[in-house]
Structure formats: C-alpha cells, structure tokens
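Take a look at the structure set out below.
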Amino acid sequence: MPHLIKLEENAATMTDLSSVCAASLTTYPLTNEYQSEVLAFLAERPLHTVVMSGFIRDNGLESPFNRGTFYACRNARGELEGVALIGHAMFIEIRSFAALKAFAQLAQSCRRAHLIMGEQEKIEHFWNYYSEGGQPPRLFCREILFEQRWPVQALESVPNLRPATLDDLLLVMPVHAALAYEESGINPLDADPQGFRVRCERRIEQKRVWVWVEHGQLIFKADIIADTPDVIYLEGVYVDLKERGRGYGTRCLSQMARSLLQRTDAISLLVNEEHRAARAFFQKAGFKRRGYYDTIFLHQQHERP
C-alpha cells in the first residue's frame, strides 16, 4: 500500500486503521457549544485547516453561510479524531484513517456537493472510500499550495489599492465568476446568480475583497476567503489582461501581504499545477511551495423526493 506509507510519513499525527477501531467511532453534527474545542483541534495544523477555521470564526459552527454541516468524529474516549465540513464543498481534517473512512461514508449521503478539496494523499484515500456510493467525478485538479511569510519585499506602492466597496460590485462579480468558470467549468452567475451576488456582497461588506480600479477599469482583484490569526487564505487573484507584464500584480500582492501580515502569521493560496504562468507569478511575488492538493469537482445530483 504505497499511498498509505506516504501519507503516514507526511502526517506524524496520523494513525492507521489497526490502531483505531472503526466501530468505536461516533460521528455527529456539531453545534456552536463545541466551537472552542473544534478551533483548537484545527489550530494544530493551521495551514491546512484555514478554510474551515475561517468559516467557523466568521459564521459559527451552525450557519447557512457555511453552505454545509460541520461534523465531529470521536473515538471511544470522547476525543476528536476528525472534523469535516460536508455540503457544497467538502473539507476534512482527521487524525486516523478510520475517521477518514467514517466521513467518506457520511458524505455519500450528500448528493448536492460541488467539490472535495484537501491534501493530495488524504483526498486519494478519501476518494477510495467515497467513490463507490458517492457522486461521480466531473473534473480532477492537482494544485500547489503556496505560502508567504515575512520578510516581504517592499516594492513601489499602489496608492489606489484598497478594500472594495459595494460600488465596485458590478466590476468584481463578472471577473470572479469568470475565474470560477475557468477553474471548475461552472459559471456561478448561471448556476446560482442570486446566491452568488449575496456572497459577493457579503465578502465586500466584510472588507475581504481588495481592488485597484482606475477610470472604471478593474486592474487588480484578490479575495480573502478565510481570515485567521495563523493564516489568511486568498482566492480569485486577478490582473486585467491588458495590464499584465507591467509588474502591477506583484506590486499589489506585495502591498497586500505587508498589510495582512501585520495581523496573521502567513498567507496561503492554491494554484492549478497546469497554470505555469500563475505559478511563476506567485513565486516571483515571494510565495513558497508547501505541498500538493487535489480538488475533485463533482456532478451534482438532486435527491429524489
């Protein structure tokens, strides 16, 4: 079992199925009373759990804004073996393969998931457990996890780089939708226009979208998806096609990073392995490779009445 050996080498806290009896595990939906315990569990590996931690800090464990349900997996001693968000997107943090299997079996009952995302080896094992009874795959993506910490090179400042306001919404929405379509093959403006608008508006109101706009033209954009004291996770980094090659993106990222790293330890993001230009761009901006992730986009199926 070469994948099992590799995963054990990369995760010192992981135990194999022989050391944790699957029958002794209990999975159940989490309520807000467990928030402190869950955040402490996720904080043991903050670079890899930033999305779940960010959702919980923003919304609590119980919220429609999570677009899914948080679950716990406990062993016979009542200790957490894993935490998972199962819904539109699936994220899993586990301490045993038994917990991974339990979450995969639980996730099979969710028939409207859009994607599964996580560390490469972990998702390979999850998929082995999930695929037989779960939603069929639509697209597999291998991604590189990048991280930036101090020191950050100081470049020429961009005076008009700022948090977006709702006046920028009509500039931001189509760009973010186009980026989502490029990555997943689904345009959220077609699939869920009202919900997509609400999510974009909320993110802007939270001061999580940074933009550079000149004369009504969006030159640069970046979205903060999760914001924690340990890690801030970025998505949707964009430079207008006509303005590329002038160093604008690198300057904006440098300025953002120097600001954000005043209140967090690290900044992270994922880049599709096939996007060589994007990989080179982020490396030039000072980001370092930290690992490989897999994202599996799923065929969404409606539950039978």
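Everything numeric in this text was worked out from a predicted model, so none of it was measured. The basis for the numbers below is simple: all heavy atoms, side chains too, and nothing from hydrogens, waters or symmetry mates.
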L269-M52 co-clustered via ILVMFWY side chain contacts under 4.5 Å:
no

Can any side-chain N or O of D265 pair as donor or acceptor with the backbone N or O of V231 at less than 3.5 Å?
no

Classify the angle between the aromatic ring planes of H88 and H114 as parallel (below 30°), tilted (30 to 60°) or perpendicular (above 60°).
parallel

Assign the ring pair Y130 / F126 to parallel, tilted or perpendicular, where the plane angle (0 to 90°) is split at 30° and 60°.
parallel

So does E33 have more than 12 non-hydrogen atoms from other groups sitting under 6.0 Å from CD?
yes

Under the 6.0 Å and 45° cation-pi test, does R290 pair with F146?
no

Is a side-chain N or O of E147 found less than 3.5 angstrom from the main chain of S268, in a donor-acceptor match?
no

Report yes or no: does N59 contribute a side-chain atom to a donor-acceptor pair with the main-chain N or O of I56 at less than 3.5 Å?
no

When you measure from the side chain of T228 to the backbone N and O of G54, does any donor-acceptor pair fall under 3.5 Å?
no

Quick one: does any side-chain atom of N66 pair with a main-chain N or O of G68 as donor and acceptor, under 3.5 Å?
no

Taking the side chain from N75 and the backbone from L80, do they hold a donor-acceptor pair closer than 3.5 Å?
no

Contacts of Y292 meeting side chain to side chain contact (heavy atoms under 4.5 Å, CB included) (sequence neighbours excluded), chain-then-number -> Q120, R142, I144, E273, R289

Where the side chain of S63 meets the backbone of G60, is there a donor-acceptor pair that is under 3.5 Å apart?
no

Would you say that more than 12 heavy atoms from the other residues, nucleotides or ligands in this model lie under 6.0 Å from the OH of Y181, or not?
no

Hey, is the main chain of H299 close enough, under 3.5 Å, to the side chain of Q135 for a donor-acceptor pair?
yes

Check: R45 main-chain N/O paired with T49 side-chain donor or acceptor under 3.5 Å:
yes

Measure the shortest side-chain to side-chain distance between L115 and Q300 over non-hydrogen atoms and say whether it is less than 4.5 angstrom.
no

Any cation-pi pair here, R95 with F41, using under 6.0 Å and within 45°?
yes

Give the ring-plane orientation class for H48 versus Y293, where under 30° counts as parallel, over 60° as perpendicular and anything between as tilted.
parallel

Output for pair (I232 CD1, L260 CG), nearest 0.5 Å, gives 4.5 Å

Is the shortest distance from a Lys or Arg side-chain nitrogen in D223 or R203 to a carboxylate oxygen in the other one below 4.0 Å?
yes

If only atom types and distance count, is the side chain of R251 paired as donor or acceptor with the main-chain N or O of E156 below 3.5 Å?
yes

Got a sec, which hydrophobics cluster with V172, joining ILVMFWY side chains under 4.5 Å apart, including via others?
L166, L169, L171, M173, V175, L179, L189, F196, I204, V209, V211, V213, L218, Y238

